[in-house]
Engineer: 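Following this message is one structure expressed as structure tokens.
In what follows, every chain begins at residue 1, and chains take the letters A, B, ... in the order their sequences are listed. Since the structure is predicted, the reported quantities are computational estimates derived from the model, not experimental observations.
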Amino acid sequence: MKNIEVAEFFEAIADLLEVKGDNPFKIRAYRKAAQNIRSLTEDIETIAEEGRLEEIPGVGKDLAAKIVEIVKTGRLKHYEELKKKVPEGIIDLMAVPGIGPKTAKLLYDKLKIKGIEDLEKKAKAHKISGLPGLKEKTEENILRGIELVKKVLKRMSLQEALNLSGEIIAQLKKLPDVKRISPAGSLRRMKETVRDIDILITSTNPKKIMDAFVKFPIVKDILAHGETKASILTDNGVQVDVRVVEEDSYGAALVYFTGSQAHNIHMRHMAKKAGLKINEYGVFIEKTNKRIAGKEEADIYKTLSLPFIPPELREDRGEIEAALKGKLPQLVELSDIKGDIHVHSEWSDGEHSIEEMARACRKRGYEYVAITDHSKSLRVARGLSEKDVLKRLDEIMALNKTLRGIRILSGVEVDILEDGSLDYSEDILKRFDIVVAAIHTGFKQSKEKLTNRILKAIDSRFVNIVAHPTGRLRGSRPAYDLDFDKIFEAAKKTRTFLEINSYPDRLDLDDVNSRAAKESGVKLAIGTDAHVVDQLGSMLLGVSVARRAWLTKRDVVNTFRLEELLKFLRK
DNA sequence: GCCGTTTTCGGCCCGACTGTTTTCAGTCG
């Protein structure tokens, strides 16, 4: 899979062209192509081999040739030549908020600044004020920007973003002039990580709201403070942008502020072709400037003869084309989920009893819950011996007799050992209602070995689900490389499901791979991997991944009623 | 550099905020 590599080449070229002051539309062409390549569900090497590169939106003759060069040689001559023309380190300067290509170039041309350290030194020595168009204020802003780059501006997990935005929205709602309010941006699109928090408000008194907002106790620093728009930094270094519009513009502003940028550009392009103009205030007839929509999001889409497109799909990954053809999927919803299929108890490394977990699931309205404790080899997680796992089975049977309103499925998260064999014998495995298999050791094996381990597990007639298939852990462990084509094929053939693990730092499979799985005919299962009652709530995150992956209810097996699920679990 | 129910050339989304400016460029989303 060289998709990311190709995208990175094009993004790097875009950066270099920007500093050179090249045609902005050319730069955008590179960025757009890079973005589309990133979200491909197919391997770009395959597409290249089959001569279908120009079918990728934003890729024409020129970029197709460049992709072929990258795939074949791992290098790109055009990039290397360009790099020679742009001094090293100058690109790094653009990481500082407030410094764009123009300023970066100016700093290099006049002061030979390359790199952020150098920039800091020169700013502290007041060498920057006095350059054309730059004075003390800019110098201060640059120093402030450098602090930001050093400490913060890291992306937070979706869960963290949901928590923080919830708090801020609750505070904003208390302001007297706030009418409607909604999260927007990548948070509303439920991206797996979020860089900043965007909030949209309607009010007839925007200035008052902005003035109050920048005085909130969580505000550590004000980045911008205008009449209708303000940006602040919280004490944890998270940027929060708030925008206020009038009631009549709520829908248009929500579309604009939710993005993605690529989705918006695509929409505005369509509007233009239809003689319309879209901005955050509404949809206007270009000639007369008459507003024809704005109040509700659905109205904006309607002016382009489109149905409402759910925020999770707004990435310009084909959702507009699908909407035009009436082929948008009916996305799975949290309320469709009938049970959690990956839950731990105190028998292994969980903190609550089976009964406590089951009762909590019942409270969530589930019909069933699979208790999937760890198997014997995973000592760090107090994996269960054969003897203990059978004792646990007795407890589950007893509970199922007394506990009404929910069915406890006896399950296991069985280790896929380093040679691909499973951590319990078939004699044991056959006693479970549901078997979830997962890799917890030997992450550093080759792509081939890891793929074969998973294939071997899929091949077992007792394995129902492969949990967290790529093993990634946000911030500590990257996803290992797998041959997904082979895995999807085997999973489809054997009716084995792949998990969307909802644990906030996992979200594994991710949206792109989940969508590829669906397109290969594989069904998915969403599990929380909860170790305490509270973590059962992360089901929302898993559903969000599923929605971003275009999954419908039928693509997710734990939307099935108990009877149907049990039928489906027989391989 | 891409793209085409007005086009193979001439377009390419659109506006807020800031800091430096007497009317706007740069940056950001």
Engineer: Before giving the answer on side chain to side chain donor-acceptor pair (under 3.5 Å), spell out for A/Thr41 and A/Glu519 the whole-Å C-alpha distance, their side-chain angles and the decisive distance to 0.1 Å.
Structural biologist: CA-CA 9 Å; A/Thr41 55; A/Glu519 282 169 5; 3.2 Å; yes

Engineer: In whole Å, what separates the P atom of B/dT27 from that of B/dT21?
Structural biologist: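 Comparing P positions in B/dT27 and B/dT21 gives a spacing of 16 Å.
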
Engineer: So what does A/Lys26 hit on the nucleic acid, given a heavy-atom distance under 4.0 Å: a base, only sugar-phosphate, or nothing?
Structural biologist: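 Since a base atom lies under 4.0 Å of A/Lys26, the category is base.
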
Engineer: Mind checking A/Asn141 for me? I need base, sugar-phosphate or nothing, with any heavy atom below 4.0 Å counting as a touch.
Structural biologist: sugar-phosphate

Engineer: For residues A/Gly471 and A/Asp508, report the shortest heavy-atom separation together with the two atoms involved.
Structural biologist: N-OD2, 2.8 Å

Engineer: Determine the Euclidean distance between corresponding P atoms of B/dT20 and B/dG26; express it in Å to zero decimal places.
Structural biologist: 14 Å

Engineer: Judged by each residue's nearest nucleotide on DNA chain B, which is more toward the 5′ side, A/Glu139 or A/His78?
Structural biologist: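 First, find each residue's nearest nucleotide; the 5'-ward one identifies A/His78.
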
Engineer: Please state whether the rings of A/Tyr30 and A/Phe10 are parallel, tilted or perpendicular, taking 30° and 60° as the class boundaries.
Structural biologist: perpendicular

Engineer: If the test is side chain to side chain contact (heavy atoms under 4.5 Å, CB included), which one of A/Ile526, A/Val556, A/Val543 qualifies with A/Ile500?
Structural biologist: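 One option only clears the test, and that one is A/Ile526.
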
Engineer: Under 4.0 Å between any heavy atoms, over every strand shown, what does A/Ile278 touch: base, sugar-phosphate, or nothing? Just pick one.
Structural biologist: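 Sugar-phosphate, no base atom in range.
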
Engineer: As a quick check of understanding, evaluate side chain to side chain donor-acceptor pair (under 3.5 Å) for A/Asp555 and A/Thr552, giving each step before the final call.
Structural biologist: CA-CA 5 Å; A/Asp555 297 316; A/Thr552 66; 3.1 Å; yes

Engineer: Taking the nucleotide of DNA chain B with the nearest heavy atom to each, does A/Lys66 or A/Arg144 sit closer to the 5' end?
Structural biologist: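 Nearer the 5' end of the strand: A/Lys66.
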
Engineer: Residues of residues 254-272 of chain A with any non-hydrogen atom less than 4.0 angstrom from an atom of DNA chain B: list those, numerically ordered, please.
Structural biologist: A/Tyr256, A/Gln261, A/Ile265, A/Arg268, A/Lys272

Engineer: Students often get this wrong, so: under 4.0 angstrom with heavy atoms, is A/Thr228 touching a base, only sugar-phosphate, or nothing?
Structural biologist: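 Contact class for A/Thr228: sugar-phosphate only.
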
Engineer: Do A/Lys112 and A/Tyr108 meet the cation-pi criteria used here (NZ or CZ under 6.0 Å from the six-membered ring centre, within 45° of the axis)?
Structural biologist: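 Judged by the rule (NZ or CZ under 6.0 Å from the ring centre, within 45° of its axis), A/Lys112 counts as positioned above A/Tyr108.
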
Engineer: Using atom C1' in both nucleotides, what's the gap between B/dT5 and B/dG1 to the nearest angstrom?
Structural biologist: 24 Å

Engineer: Under the side chain to side chain contact (heavy atoms under 4.5 Å, CB included) test against A/Trp550, which residue among A/Ser514, A/Pro310, A/Pro329 passes?
Structural biologist: A/Pro329

Engineer: I'd like the 5' and 3' limits of the part of DNA chain B contacted by chain A, with heavy-atom contacts below 4.0 Å.
Structural biologist: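 Answer, 5' to 3': B/dG1 to B/dG29.
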
Engineer: Under 4.0 angstrom, heavy atoms only, what part of the nucleic acid is A/Pro101 near: base, sugar-phosphate, or nothing?
Structural biologist: sugar-phosphate

Engineer: Taking the P atom in each of B/dT6 and B/dC2, what is the distance between them to the nearest angstrom?
Structural biologist: 23 Å

Engineer: Expressed in whole Å, how much space separates the C1' atoms belonging to B/dG15 and B/dG10?
Structural biologist: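 Those two atoms are separated by 24 Å.
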
Engineer: A/Tyr256 ring centre to A/Arg314 NZ or CZ under 6.0 Å, with the angle to the axis within 45°?
Structural biologist: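 Pair A/Arg314/A/Tyr256 does not count as cation-pi.
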
Engineer: With both distances under 3.5 angstrom, what nucleotide forms a Watson-Crick or G-U wobble pair with B/dT8?
Structural biologist: none

Engineer: Which heavy atom in A/Ser186 sits nearest to a heavy atom in A/Val194, and how many Å separate them?
Structural biologist: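 Residues A/Ser186 and A/Val194, closest heavy atoms: OG-CG1, 3.7 Å.
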
Engineer: Distance between the P atoms of B/dG11 and B/dT7, in whole angstroms?
Structural biologist: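 Here B/dG11 and B/dT7 have their P atoms 14 Å from each other.
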
Engineer: What contact category does A/Arg243 fall into here, base, sugar-phosphate, or nothing, at under 4.0 angstrom with non-hydrogen atoms?
Structural biologist: sugar-phosphate

Engineer: Can you name the residues that form a ring-ring contact (aromatic ring centres under 6.0 Å, His included) with A/Tyr79, not counting sequence neighbours?
Structural biologist: A/Phe9

